[in-house]
Structures are given as structure tokens and as C-alpha cells.
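I have placed the structure first, in the form of C-alpha cells, so that the comments after it can refer back to it.
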Amino acid sequence: MNIHGVVENIVYRNDENGYTVAKFSCDNKMYTIVGKLLQVNVGDNLRLEGEFVSNSRYGSQFAFEGVEYVYPTTLAGIEKYLGSGLIKGVGPVTAKAIVSKFKEDTLAIIEFNPLKLEQIRGISKNKAQSIGDSFRELKKFQATIIFLQTYNISINMALKIYEVYKDKTTDIVKNNPYKLVEDIDGIGFLTADVIAKKIGIDPKSKYRIRAGLMHCLKDNSEKTGNTFIYKKELFLQAEKILGFEEDECLDIFSAVIDELKIESQILVFFENRHEIVMLSRYYYLESSVAQKLCLLKYMSVSQNYDVESDIVFFEKVNSIKLHSEQKNAVKTAINSGVSLITGGPGTGKTTIIKCIINIFNQLGKKVILLAPTGRAAKRLNESTGVEARTIHRALEIDFKSKGNFVYNETNPLECDAVIVDEVSMVDISLMNSLLKALPRDCNLTLVGDKDQLPSVGAGNVLDDILTSGVFEVSMLTKIFRQEDSGLIITNAHLINSGKMPIVDNKSKDFFFEQKQENNEICESIMELITHRIPNYLNIDSSKIQILAPLKAGICGTNSLNQKIQKNLNPPSLNKNELVMGASIFREGDKVMHVANNYNLSWKKKNGFLIEEGQGVFNGDIGYIYKIDRQTGETTVWFEDGREAIYTKDVLSELTLAYAITIHKSQGSEFDVVVVPVIAGPPMILTRNLIYTAVTRAKSMVVLVGEKKHLSRMIRNDYTIKRLTLLKTLILDKKPKIEEMFKID
């Protein structure tokens, strides 16, 4: 049935999916309506299609699915609608003037004959046309979003789709919803498939098969870090998600693959006698990185500078003595176009970096110090005393283009040498952007721990460079940093060598809390983070980071975040909050940004100056400072001093961060780390996972769980070998570049 009336009061609103509960006036009666609305304001005139249902708790409600925004007919209603800010260029004053002139014909004139608005003082011909365009665009926009909502697409996702396709949205979705998979970030094959089934598209449509194959290719890179996939495996995965019997559609699979090759979407070739398929983007990224690394190796100024006297001076000034491994690493870095320094915690990587910087400065060379994340850059700055920046900030986001940088191959960085720390975190895309921005004769030193988890993004950059054998590698094994008989570093190396750590709880920085059931582990973590550790170390709970192996489960990040939020930042009349899907964001919450957003603006105070920029990236951690209840705008202060305002359409890029996954902790260092040690999938709960977690701690590690699960993780040296082409491409390009420079 249909009812037509006015929204009198908004009882509940979820801005993520549009779910709304409101009081609705219809024919002089008041009803409760429930359903999804794109936008809603008190006074909105709506025609709803649905049915009355009885709720045991809330009584009779009108549950609607169809929505039509009905434009007001009274003069007061028209004036209020125009002055609401929905139409660009029209505020309350202008709205009053327009309605006073055109009365009940106002909306028709704006839509069909907007140039008549020139009769209103202050409205030019251009502005009149703009007002008409804005009104017509708004009508198309509302109709399109309502159309998308019929396919259970969230409000935020509908907005993203409309932003790409505009008024072509409806036609594209009706004709080929699978196009969304290729064009819209966040739309996967399964979502498009649901829409297609409702529309009635043939399950064996070429559109569907193409989308399925592209989905498998993207999923292969985004979830496993591979840059290519074996063709046979690709077809098996595609058969599974498409629901086909084995070998049912091999011919059409091959035909679609040929089309994608012609369109340059993919490359197909043989590697080690196996046919592989690769998204073109990743081939060109890895090829570019291989080319640039080999060029840097041979194009940097050839020299054999004697660093001995400089090292002696550095040792004297800093009252230290470098080990032979460290001296060799310094010499290699100074005299190589590209060099790699790798070692575990306490092996002196920071000391080497300081010495390299010192020598380059003595030689009059400008050095840039970089790290993948804000936390890693801050730690590097504090440990070296030299300014360190994230790679993204050094390259600078180009405001005029999405995802591009100011510094690139045509506008290189002004430097003679670049040192990149925590390089294990750098994926192939970011490495390519960095290398393109380096001067042709720049010296590049890469520093990292080869035993850390690989990058979250696609690629296996550190391992491929190291194992190629083309570049100078300094392997550090001697452990130096082990202050005040602490166990963090000792235990990290024991774990990395496959041995159980010392867990007798006699040290002051490494503890094991024996708990059996997951509920007990969770309760213990709550007690540790809220009382025991803060009281023991006299620190705030914000200094403690929970690092969980998994997202799901009682001891996963999702559950832990809700429980910790309830304990550390409970609801309060003095704190605004916002519901986003299954999450509640509250002023004071610790949050993490979980996607690369190159367009999100930020400000940062530097004394009396305010620095402005764009770009907030995956892994950035901050705190919610302010939530505007009216607009939903959420202000986040990040740990490096940046302040960013999140509008509703980007709030989905935030998540609570009281507990984060170990993978997300890469490159970061926290005062105290608490880790639930639980049972789980052996492909995930591996030695290098627990090794990574332990090496994130600066002052204390607390493991909570059963020792048998810890032992099982340490014995499990399983690592998924990423399928990448970088090493092969390096080895392929090396002889060609050597020939170019006529190197014997």
C-alpha cells in the first residue's frame, strides 16, 4: 500500500546504510515508519510504498521499501525546501525572494525555464542557469540513489557509484551491473551478481564471466599479495565463484581472456613452463621498478670512498664502537647505487643509518630519510635526530589528480641520497612511485627486516630485491641492543630461530599470562589494559596496543574493540557519537584509517603556521576529537599532528583501533603490546606473525593464552610464497643495462 505524508520527527538514523525510524504524519494521523532513506529531514514530503507490520516491542510500524520524494506545494513548504541548502546557489534569503515572485510556479520555473530567475535581484543569467542545472541534477540524483537502494546497495556505496557514472548510472546498472566491479572500488563480484540475478541477466553472459575472471585476478593481488596467477588456477577459481561445473566454460573463458588481452587489461605468457595471467598494471609496476633499480645501480657516481676515518670520527662523537658488520654496511651503502641492509631488532640498523647520514653530510650530499608509515617515520626521526617523512608526504599528493604525486620522473626530488627504513612494508605500487621520483644518479639505501611480514599491498619487494643477487646486501646478525637485562629482543631472536621464548615472568618487560578459554583470555586482556598495566607502569591506557592475530572471534579485533571501547570510552552525555553499520564512533575513540585516500584534506599546526595537505593512508592511527551531530562530520587528530575532517561518505574508511591486527601493526612501535595467543588457522598463525607482534613493542610485551598455542606458532615456519615477477624482471634487465653502460 502507499501512504503520503510529512516526516515529523527522526527517531533513529544509520548514515551508513540509510536505515531510518521516524514519526510520519499522514491524513491527520501519526505513524512510525521504518526503512532506508537516502536523506531525510524533518518536514520532508514523502510517498512511501510498503505495509504495516506489528513489532512486539515497538507496536505497529509502516515498513516501506519504495520511496518517492514529493515536492512541496505550499508556499511555506517550497520556501523551506529551496532554502535548505540542497540546491547550489540558493539560501534562505534567495529562496524567499524567488517564492515571493513566482508563488506556486516556483519549482516548475526552476526546472523548465530557469532564465526567468534573472528577474530576481542578484541573480545573473549564469547563476539562473546554474540553479536550474543544480535542481535537475538533484532530481536525477535522488531517483538514481533510490533505484540503487532497491538492490540493497548502501547509501555510501550508492553515492560512490553515482559519482562515477552520474546520470548514466541507471542505464549502466540495468544493462551490465558487472561493470561496477571494474570501475568502482568496494564493489565486488558477489554484489554485482546479486543485482544481475534480480535484473535477469543470463548466468553464462559474457559480462558475468568477464567480471568473474577480473574479480579473481584482483582478489588474487589484493588479498594474497600476488602480482600474477597461474592460468589453470585462475580458471578453477572462476569456475567456483561462477558456479560452473569443471571445464564447463573453458572455451568462453579463453575467449574472454583473449578480449582482455586485446584491451591491454591483462598479459598472458609463460614463466618457468607455466602459463600465467597478470593484470597489466602489476606487470608495468614490477617492470618499472626492476628497470629503475638496475639503472640506479649503474648510474650513481662510481666511487670507492674510504669511510674509515669518518667512522672513527662518528664513533668518537657518539662514544660507541661499530662492529665489523656495521662498518661493512656503512661502506657498502656509501659506495653503492643501491644497497640493502637487513637484520632483526637490536642489530644496530639505526646506528648504521645515523653513520651513513653523517658521512653523506660530510661529503656535502643532501639526504632524505623516509619510512612507509607516520609511526615509522616518527620513530626514525626520534632515533636519528634527523627529519624523517613518510614516502607519501615526501612525494606530495597532487591536488589536481587522484593518486598521483607532485614528484615523479619529470619532477624528481632534490636529493643526492635516499634512505628508506622498514622497507618490508613497501608494496610494489609505492616502490614504483618512489623510484620514479629519484634523480638518475641518486644513492638508494633500503633498510628492513627480511623476517617481518610482507607488505599489506601486492608485491614482494624486499625479498625479490634481496634474493635477486644483483644488489649489495649487508646481513646483520650481531645483537647489540639489550638494555637492562630486558627480554624483548632476546625473545624476538629466539622466536625467529624457531625456539620458545623465555616466559618465566622474571623480567620486567616480557610476560606470559596463562589462560585457557578464549573468554578468559578476553577478560584478562580487559583487566590488563584498563588497570594492571597502567598501574604497574604508571602510564595511560592509550600507550597500550592490543595486537590480535585475527579479526573474527572472541579474541579478534572486532570483538575486542567493542569491549575495550565500552571500558575505556563508555557512552556519556558529554560525548557525541555516531552509528556506522555495526560500529559506534564516539568522541575520544582511538581509530585507524584503513584505506589509501589521496583526496582527504588535513591540516597540521607547526608553531604559528598551519600546514595543509591531502592524503590519509592505510594504517594511520588517531583519535576522534569531535563529532558534529547535525552533519555527521567527524574530526580526527592523528598521532603525527595532522587533523582531518571525515564526512559521512568517507567514514567507512575508519575503524576502531584499540585492537588492531598484527598485519596492520607493521612499521609501528608501541610502548606496550598485548597479544592474545589463541588457536586458529595454521596458514595465518605462523612464526613470522608472532615475531612481528613481539618486535612491535618498545617497553613491554604481554602474551595471554596457552603456551601450547605459542609453541605451535613458533614451530610453524610456513610462509606463503607470493607469486611475483620482480626478481625475474631484475635478472632480465640487468645484462641489458650492463651492456648499455658497457660494463665488463
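Residue numbers run from 1 in the order of the sequence given.
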*How about Val702 and Val673: do any of their side-chain heavy atoms sit closer than 4.5 Å?*
no
*Does the His493 side chain pair with the main chain of Thr477, one donor and one acceptor, at a distance under 3.5 Å?*
no
*When you check the gap from the basic side-chain N to the acidic O, do Glu611 and Arg393 get nearer than 4.0 Å?*
yes
_From CA spacing to verdict: side-chain hydrogen bond (donor to acceptor under 3.5 Å, both in side chains), Asp589, Asn569_ = CA-CA 7 Å; Asp589 274 337; Asn569 193 29; 2.8 Å; yes
*Are Arg722 and Asp464 within salt-bridge range, i.e. N to O under 4.0 Å?*
no
_Interatomic distance, Glu422 atom CD to Lys349 atom NZ [nearest 0.5 angstrom]_ = 7.5 Å
*Any sub-3.5 Å donor-acceptor pair from Asp183's side-chain atoms to Leu180's backbone N or O?*
no
*asked:* Please evaluate residues Asn716 and Thr686 with respect to the criterion side-chain hydrogen bond (donor to acceptor under 3.5 Å, both in side chains), reporting the C-alpha separation (whole Å), side-chain torsions for both, the decisive distance (0.1 Å), and the verdict.
replied: CA-CA 5 Å; Asn716 181 11; Thr686 61; 5.6 Å; no
*Start with the C-alpha gap between Asn220 and Asn226, add the side-chain angles, then the distance that decides, and say whether side-chain hydrogen bond (donor to acceptor under 3.5 Å, both in side chains) holds.*
CA-CA 6 Å; Asn220 174 63; Asn226 298 329; 2.9 Å; yes
*What heavy-atom pair brings Ile684 and Pro549 nearest, and what distance separates the two atoms?*
CG2-O, 4.1 Å
*Between Thr695 and Gln452: side-chain donor-acceptor atoms closer than 3.5 Å*: yes
*Test the Arg687-Tyr691 pair against the cation-pi criterion, namely NZ or CZ under 6.0 angstrom from the six-membered ring centroid and within 45° of the ring axis.*
no
_Residue pair Tyr598 / Asp398, side-chain heavy-atom distance below 4.5 Å_ = no
*Got a second to check how far Glu271's CD is from Leu723's CG, nearest 0.5 Å?*
10.5 Å
_N/O donor-acceptor pair under 3.5 Å between Asn272 side chain and His274 backbone_ = no
_Less than 4.5 Å apart, side chain to side chain, heavy atoms only: is that true for Thr661 and Leu550?_
no
_Heavy-atom neighbours of Lys551 NZ exceed 12 at 6.0 Å_ = no
*SB check Glu669 Arg696 (cutoff 4.0 Å)*: no
*asked:* Can you give me the closest heavy-atom contact between Ile525 and Val674, atom names plus distance?
replied: CG1-CG1, 4.1 Å
*Nearest heavy-atom pair of Ala458 and Asp427: which atoms, and what distance?*
O-CB, 3.3 Å
*asked:* Treating Gln666 as the side-chain partner and Met425 as the backbone partner, does any N or O pair qualify as donor plus acceptor under 3.5 Å?
replied: no
*Aromatic ring centroids of Tyr646 and His593 under 6.0 Å?*
yes
_How long is the straight-line distance from CD1 of Ile352 back to CG of Leu476, given to the nearest 0.5 Å?_
4.5 Å
*Does the side chain of Arg379 come under 3.5 Å of the side chain of Ser383 through a donor N or O and an acceptor N or O?*
no
*Answer with yes or no after comparing the ring centroid distance for Tyr625 and Trp637 against a 6.0 Å cut-off, counting only values under it.*
yes
_Distance alone, cut at 3.5 Å: any donor-acceptor contact between the side chains of Tyr178 and Asp193?_
yes
*Any chance you could lay out the side-chain hydrogen bond (donor to acceptor under 3.5 Å, both in side chains) test for Glu387 and Asn381, step after step, and finish with the verdict?*
CA-CA 5 Å; Glu387 180 191 11; Asn381 169 248; over 6 Å; no
*Exercise: do Gln545 and Lys590 side chains pair donor with acceptor under 3.5 Å*: yes
*Donor-acceptor under 3.5 Å (Thr342 side chain, Met475 main chain)*: no
_I'd like to check Leu560 versus Cys522 (side-chain heavy atoms, cut-off strictly below 4.5 Å). Are they in contact?_
yes
*If you look at every heavy atom in Val594 and Ser652, which pair is closest and at what distance?*
CG2-O, 4.4 Å
*asked:* Nearest 0.5 angstrom please: Phe471 CZ to Leu296 CG, how far?
replied: 8.5 Å
_Close side-chain approach of Ser424 to Pro454, heavy-atom, < 4.5 Å_ = no
*Rounded to the nearest 0.5 Å, what separation is found between the CG atom of Leu528 and the CD1 atom of Ile544?*
8.0 Å
*State the CD1-CD1 distance between Ile554 and Ile521, to the nearest 0.5 angstrom.*
9.5 Å
*Kindly indicate whether the side chain of Ile266, heavy atoms from C-beta on, has any atom under 4.5 Å from the side chain of Tyr283.*
no
_Could you check whether Asp463 pairs with Lys721 (Lys NZ or Arg NE/NH1/NH2 to Asp/Glu carboxylate O, under 4.0 Å)?_
yes
*Measure from the side-chain N and O atoms of Asp671 to the backbone N and O of Ser699, and report whether any donor-acceptor pair falls under 3.5 Å.*
no
*Using only heavy-atom distances, determine whether the side chains of Asp451 and Asn496 contain a donor-acceptor pair under 3.5 Å.*
yes
_Neighbour count >12 (heavy atoms, 6.0 Å) for atom NZ, Lys297_ = yes
*Distance-only, no hydrogens or angles: does the Thr191 side chain make a donor-acceptor pair with backbone N or O of Ile187 under 3.5 Å?*
no
*Determine whether more than 12 heavy atoms belonging to other residues, nucleotides or ligands lie under 6.0 Å from atom NZ of Lys218.*
yes
*Test item: Lys179 side-chain N/O and Ala211 main-chain N/O as donor-acceptor pair under 3.5 Å*: no
*Phe617 and side-chain contact (heavy atoms from CB on, under 4.5 Å): which partner among Leu430, Ile391, Ile397?*
Ile397
_Treating Thr724 as the side-chain partner and Thr227 as the backbone partner, does any N or O pair qualify as donor plus acceptor under 3.5 Å?_
no
*Which atoms form the tightest heavy-atom contact between Ala329 and Ser474, and what is the distance?*
CA-OG, 3.3 Å
*Just by distance, with hydrogens left out, do Ser559 and Lys563 show a side-chain donor and acceptor under 3.5 Å apart?*
yes
_Is any side-chain heavy atom of Phe585 closer than 4.5 Å to one of Thr634?_
no
_Parallel, tilted or perpendicular, judged at 30° and 60°: which one describes the rings of Phe405 and His392?_
tilted
*Residues, nucleotides or ligands: over 12 heavy atoms within 6.0 Å of Glu382 CD*: yes
*Please check if the side chain of Gln614 supplies one atom and the backbone of Asn599 the other of a donor-acceptor pair under 3.5 Å.*
yes
*asked:* Less than 4.5 Å apart, side chain to side chain, heavy atoms only: is that true for Ile241 and Phe189?
replied: yes
*Would you name the heavy atoms of Ser665 and Phe670 that are closest together and state the gap between them?*
CB-CE1, 4.1 Å
